[in-house]
S.K.: 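First the structure, which I've put down as C-alpha cells, then a few questions once you've had a look.
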Amino acid sequence: MGSAIAVLVSALVLGSLYALMASGLSLIWSTLGVFNFGHGVLLALGAYFAWTFADQAGMPVVVASVLAILVLAVIAAGYEFSLVRPFIRHQNGAMLVMVATLAITALVQGVVQLTWGPQLRQIAPFSSATVAFSGATASGNQLVAIVAAPVLIGALYLVLWFTPLGISVRALEQNRDHARLIGIRPAAVYVFVVGTACVLAAIAGILLGGIQFMSPTMGDDPLMRAFVVLAFGGTASLGGTLAGAYIIGLLEAVTTYFFGLSWSPVIVFAVMIVVLLVRPEGLIRQRTA
Amino acid sequence: MTPMLEIEKLHAGYGKSLVLRGINLHVAQGEAIGLLGPNGHGKTTLLRCVSALHRPSRGDIRFEGTSLVTCSTRAVLQHGIVHVPQGSRLFPGLTVTDCLRLGAAANPRRGVARTLLSEVFDLFPKLAQRRTQLAGTLSGGERQMLSIGAGLMAGPRLLILDEPTLGLSPKVRHELAAAVQAMRSRIEALIIVDGDMDLVLGVTDRFFVIESGQVVRTGESAAGAGSDQIMALFLGET
Ligand SMILES: Nc1ncnc2c1ncn2[C@@H]1O[C@H](COP(=O)(O)OP(=O)(O)O)[C@@H](O)[C@H]1O
Ligand SMILES: [Mg+2]
C-alpha cells in the first residue's frame, strides 16, 4: 500500500511537471508552428534564478520564486523579440525559429554553467512539512507541484476560452489569414504565447529545483517527455495535453518502480512508438479538424 | 476630388510567377464596383494586396491619398478597409458570437460591439439562431454570412467581398444578394468579386474585367447587364 501511494505521488509530480512543460510547448506549437527546443533551458533558468534569490540573496522561497518568474517573463519578451519575431515572417520561418531555439539552448546551457558553476544545488523547500499517508510520505514541494499544475493549466484554459486575448490566440491558431484580416496582430499573440510558456516552464523549473539537484541540462528530460506528451495527447486541446502528461508520468513512475531508472525511459519510448503505430492521431482525439 | 481608393500600375506575384501585371483601378467615394473575369487571373491576389496580406512587387495602392503598400493588415483595417476573404472557414472552434465579437476587436470606435452585434443579427437572422454554435458546424451559406457579419463588426467604410456566393445554392445566393443590397447604404464604398455576374452587375455602379492580371475592360454596370460580350469576357472566351 505504502509503495503504491509512493508511486502514485511520484506519478502525479512527474505528470504535473510534464503538464506545465507540455502546455506551453503546445501553445507555441499551435500558434507558431514551432517546436521550442529552448523550453528546457527556460526551465533551468527559472530554477537557477529562484535558487539565487533564495539561497544567495536570502529571500524567502516564495518571494524568490515570484521574482524568478518575473525575471523569466522579461526573458520571454527578449526571447520572442530576438528569436521569433525576426524569423517567423520568412517563408520557412518556423524552421528558422526552431534552429534559433536550438542555438540558444546550447548558448544558455554554457552561460548557466559558467555563471553558476557545476556544483550540485537545490532550492530550499517551500515547506519542510511532509505529509505521511499509509506509510508513504510526500514532501511539501511534491504537494505544491501536484496542486499547482492543474490550477495553473485550469487558469490558462479560462484565459484561452473566455478572454478577448485568449479568443484571439485561438482564432490565430485556427485561421491565420482571416485572423489578420479582422485585425489580430500575430506579434501580440506571439508575445503572450511565448511569455505564458516561459512562465510555465520557469514554474516547472522552480518545482523541480526543489525536488532534485539542479544542473544546466536539468530541463532536457522534462523537455523530451513533454514532446512525447504532445505526440500522445495531441496539441489541439489542453485537456488532451493534461491527460497525456499524467499518463506519461504514471508510466514513468510505474516502470521506474519495477525496472529501475535506466530502463524506464526505454520502456516509455517503446510504449509511445507502439501507441503511435496503433493510433497515429495520438491517444486523445483532436478537438478541431 | 481624389478617389477613395486608387490602384496604380500594380504588379504582384508568387515567387517567379507574375500574377498582376499593372492593374489600374479606382473606386470613388460612395461607389460600388464589381470585379469580373475568369478564375485564376488574379482577382483574389489583387484584393489580398489591398488588405496587405500580400506584398505587391511594384505599383501603389492609395486610400484617400495615403499609400497602403507599407501598412500592416491591421493598419489597413483601421483605415476602414474591411476584406471578407474568399472561401474562409473562419474559426471552426469559436462560437458564432465569439467570431463576431472578434470582428469588432480592431474597430476604432470603442463600445459599439453590442449595437453592431444586434445589427448583424438583424441582417442575418440565421446567425442569431446559431449564436452559441461553433463556426465549424455552420453550413456554407451561414459561414459566408458569419464572414460578412464579422467584417461588418469592424465598421467598414470600404467593404471588400471576395466570392461571397461561391458554391452556394441559388436560394442562399439570393439571400446574400439581398443582404448586400441592404447594407449598401451603411458603407461608403464596396468592391465585390463574384461568379454570379447578374448579382455583381445588380449591386454595383461600375465593373472591371480582369484577365491575365490586367484590366481588359471597364464600364457601367447598368449597361453591362445582359451583354453577351461581357459574358464572353467573363467566361474567358475572348
Ligand atoms: N499562395 C499562392 N501561391 C502561389 N500561387 C498562387 C497563390 N495564390 C494564388 N496563386 C496563383 O495566382 C493566380 C491568380 O490567383 P487568384 O488571385 O486566386 O485568382 P482569382 O481570384 O481571379 O481566381 C493563379 O494562377 C493561382 O494559381
Ligand atoms: Mg479568387
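Chain letters run A, B, ... following the sequence lines, proteins first and then strands; every chain starts at 1. Quick caveat: nothing in here was measured; it's all calculated off a predicted structure.
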S.K.: Any side-chain heavy atom of Asp177(A) sitting closer than 4.5 Å to one from Pro85(B)?
M.R.: no
S.K.: Does atom CZ of Arg186(B) have more than 12 heavy-atom neighbours from other groups under 6.0 Å away?
M.R.: yes
S.K.: Answer yes or no: is there a side-chain heavy-atom contact under 4.5 Å between Ser51(B) and Arg180(A)?
M.R.: no
S.K.: Find the one option among Gln78(B), Met153(B), Arg48(B) whose heavy-atom pairs under 4.5 Å with chain A are most numerous.
M.R.: Arg48(B)
S.K.: Which atoms of Arg89(B) come close to chain A, meaning under 4.5 Å heavy atom to heavy atom: side chain ones, backbone ones, both, or neither?
M.R.: backbone
S.K.: Looking at Arg184(B), I'd like to know if its CZ atom is crowded, meaning that more than 12 non-hydrogen atoms belonging to other residues, nucleotides or ligands lie closer than 6.0 Å.
M.R.: yes
S.K.: Give the minimum heavy-atom separation between His83(B) and Leu181(A), together with the two atoms involved.
M.R.: O-CD1, 3.6 Å
S.K.: Going by residue number, which parts of residues 69-81 of chain A are within reach of chain B, meaning a heavy-atom gap below 4.5 Å?
M.R.: none
S.K.: Would you mind checking which part of Ala135(B) comes under 4.5 Å of any heavy atom in chain A, side chain (CB onward), backbone (N, CA, C, O), both or neither?
M.R.: neither
S.K.: Would you give the length of the straight line joining atom CD1 of Ile167(A) to atom OG1 of Thr95(B), rounded to the nearest 0.5 angstrom?
M.R.: 7.0 Å
S.K.: Are there over 12 heavy-atom neighbours, none belonging to Tyr246(A), within less than 6.0 Å of that residue's OH?
M.R.: yes
S.K.: Within this structure, what is the CH2-CG distance for the pair Trp161(A) and Asp98(B), rounded to the nearest 0.5 Å?
M.R.: 9.0 Å
S.K.: Just checking Arg185(A): does its CZ atom have more than 12 heavy atoms from other residues, nucleotides or ligands closer to it than 6.0 angstrom?
M.R.: no
S.K.: Would you say CZ of Arg55(B) has more than 12 non-hydrogen atoms from neighbouring residues, nucleotides or ligands within 6.0 angstrom?
M.R.: yes
S.K.: Tell me, side chain or backbone of Leu90(B) under 4.5 Å from chain A's heavy atoms, or both, or neither?
M.R.: both
S.K.: If you compare all heavy atoms of Ala106(B) against all heavy atoms of Gly183(A), which two are closest, and at what distance to 0.1 Å?
M.R.: CB-CA, 4.0 Å
S.K.: Identify the two heavy atoms, one from His178(A) and one from Phe91(B), that lie closest to each other, and give their separation to 0.1 Å.
M.R.: C-CZ, 3.9 Å
S.K.: Looking at Met183(B), I want to see if its CE is surrounded by more than 12 non-hydrogen atoms of other residues, nucleotides or ligands under 6.0 Å.
M.R.: yes
S.K.: Does Arg74(B) CZ have over 12 foreign heavy atoms under 6.0 Å away?
M.R.: yes
